[in-house]
Amino acid sequence: MENMFQDFTTESAIFENKEVLRPNYIPENLPHRAKQIKSLADILSAALKGETPSNIFIYGKTGTGKTATVKYVSKELEEMGEKTSSKCSLIYINGEIFDTQYRVFAYIARAFNKHVPMVGWPTDMVYLEIKTGIDGGKKCVIVILDEVDKLVSKGDEALYNLSRINSELNNSRLSIIGISNDLTFMELLDPRVRSSLSEEEIIFPPYNANQLKDILGERVEKAFNSSVLDGEVIPLCAAFAAQENGDARSALDLLRVSGEVAERSKSKKVTEEHVRLASEKMEKNRIIEVVKTLPVQSKIILNTVIRLNKANAKRRFSSGEVYNTYRKLCSHLKIEALSQRRVSALVSELDILGLINAAIISKGRYGRTREISLSVPEESVQHALVGYCELETLSTIKLKTQVALCGYEKWE
DNA sequence: CCTCCACCGGAAAGCCGGGTCA
DNA sequence: TGACCCGGCTTTCCGGTGGAGG
């Protein structure tokens with residue numbers, strides 16, 4: 001009998017190397033980031049002259065090339081450092097994974113071959129280890145804190161201690177590069193830490209459609225077999241992503257998924273049609289993800305809108321209608337209904353998430369209200385609620401709610 | 001031009017589960 | 001262990017408002 005994986009072992013007709021399209025792949029060329037690369041290199045070049053580079057704060061939305069740029073520049077710097085034998089070492093830390101002061105410190109200590117367990121020691125002891133580690137040889141240490149906002153959300157001691165470590169060192173110097181896609185966290189910082197972290201700032205603006213086209217173009221040669229892409233594929237991917245928010249990551253994702261769609265349909269080429277299918281598929285997944293993680297009450301409200309949609313020819317409903325139906329649904333589910341004010345707030349949240357539309361209109365004598373309508377296909381939401389139901393194994397009341405939510409049975 | 005509907009959305013306080021500290 | 005704090009969620013209170021109808 002033929003092995004069931006037989007089909008999957010044959011060479012791909014579409015992809016040459018799919019990894020090139022993954023977000024963590026660092027290309028040799030970063031289009032449209034020359035300015036940022038130069039600023040970063042200028043600042044860090046101090047390390048090669050034996051001086052201390054300023055601390056740097058890097059800001060930009062997701063998929064604007066922050067991490068790629070920093071990794072690219074630090075690789076170059078390390079190479080040059082070895083050639084010129086000026087000692088400098090870079091330590092890359094992702095704040096999402098190392099999200100407490102202790103973990104960050106332990107990780108840094110390990111970079112200096114100190115045997116620090118990932119849990120257990122008093123923090124100041126680890127701090128001491130780092131200090132002696134860094135100070136061991138005369139050199140320059142640059143700590144890169146990616147997603148630094150995640151780290152700060154649990155307290156700013158880590159940043160505070162790192163930024164003042166220089167005053168306790170004799171031989172070496174330490175600089176910090178903080179990377180974030182969120183500016184609000186700066187307010188949580190001690191003013192001294194804030195100003196020391198942002199001695200220099202580099203901004204990464206979103207890409208436009210043309211720039212995204214260049215980025216995709218840069219990678220297709222390695223990623224795809226020659227001439228499997230139709231001419232319109234790249235511009236279309238770029239346009240879709242630019243429309244969203246100029247996010248290179250999602251542009252690359254879209255291109256990859258388009259290829260996968262083409263591959264699965266046994267096509268020899270990736271066409272415009274495949275991109276559209278891929279885009280639809282990704283959008284659907286996004287919706288499912290969002291709906292699944294919604295709090296129960298928001299799900300009930302969403303469900304209310306769907307029920308209204310099913311029961312009426314019209315597609316728009318006033319806040320009052322939605323709230324009344326919501327109350328009925330709640331009493332049917334034997335769940336305490338929220339106040340009108342609260343439901344109004346949750347409706348706003350659903351609006352921001354893009355699941356429903358809620359625009360304020362005035363009907364003159366007949367009051368002012370929001371017109372609420374579903375802004376995504378009915379089936380994809382329903383699909384998500386059903387999917388959630390299957391996974392839900394919590395308390396019986398919750399389970400009952402979920403079952404009722406996907407059942408759509410009449411209750412009056 | 002004024003009224004008044006039916007709701008919006010800010011402010012503030014209450015509640016609750018979880019974590020911390022002495 | 002109990003006092004206390006914190007953050008998220010919710011309620012209560014209430015001032016605000018665009019425009020059809022008078």
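In this text the structure is predicted, and so the values were computed from the model without any measurement. Chain letters run A, B, ... following the sequence lines, proteins first, then strands; residues in each count from 1.
Counting only N and O atoms by type, the side chains of A:Ser348 and A:Arg370 include a donor and acceptor under 3.5 Å apart.
Between A:Tyr59 and A:Phe204, a ring centre-to-centre spacing not shorter than 6.0 Å is recorded.
The nucleotide range of DNA chain B contacted by chain A, defined by atoms under 4.0 angstrom from heavy atoms of the protein and reported 5' to 3', is B:dT3 to B:dG10.
Computed from coordinates, the A:Arg341 CZ to C:dC13 P distance equals 14 Å when rounded to whole Å. One can place CD of A:Glu349 at 11 Å from C1' of C:dG8, the figure rounded to the nearest angstrom. The distance from atom CD1 of A:Ile360 to atom C1' of C:dT17 is 10 Å, rounded to the nearest whole Å. Atom OH of A:Tyr366 is separated from atom C1' of C:dG22 by 11 Å (rounded to the nearest Å). A:Arg370 places its CZ atom 17 Å from the P atom of C:dT17, with the value rounded to the nearest Å. One atom, CG of A:Leu346, and another, C1' of C:dG8, lie 13 Å apart when rounded to the nearest Å.
Between A:Lys363 and A:Arg368, it is A:Arg368 whose nearest contact on DNA chain C lies nearer the 5' terminus.
No hydrogens or angles were tested; on distance alone, nothing pairs the side chain of A:Arg342 with the base of C:dT11 as donor and acceptor under 3.5 Å.
Taken to the nearest 0.5 Å, the OG atom of A:Ser89 stands 11.0 Å off from the CD atom of A:Glu82. A distance of 12.0 Å separates CG in A:Leu44 from CD in A:Glu76, rounded to the nearest 0.5 Å. Separating the OG1 atom in A:Thr62 from the CG atom in A:Asn181 is a distance of 6.0 Å, to the nearest 0.5 Å.
Using a cutoff of 4.0 Å between basic side-chain nitrogens and carboxylate oxygens, A:Glu321 and A:Lys314 are scored as salt-bridged.
Residue A:Ser339 places at least one side-chain N or O closer than 4.0 Å to OP1 or OP2 of C:dT11.
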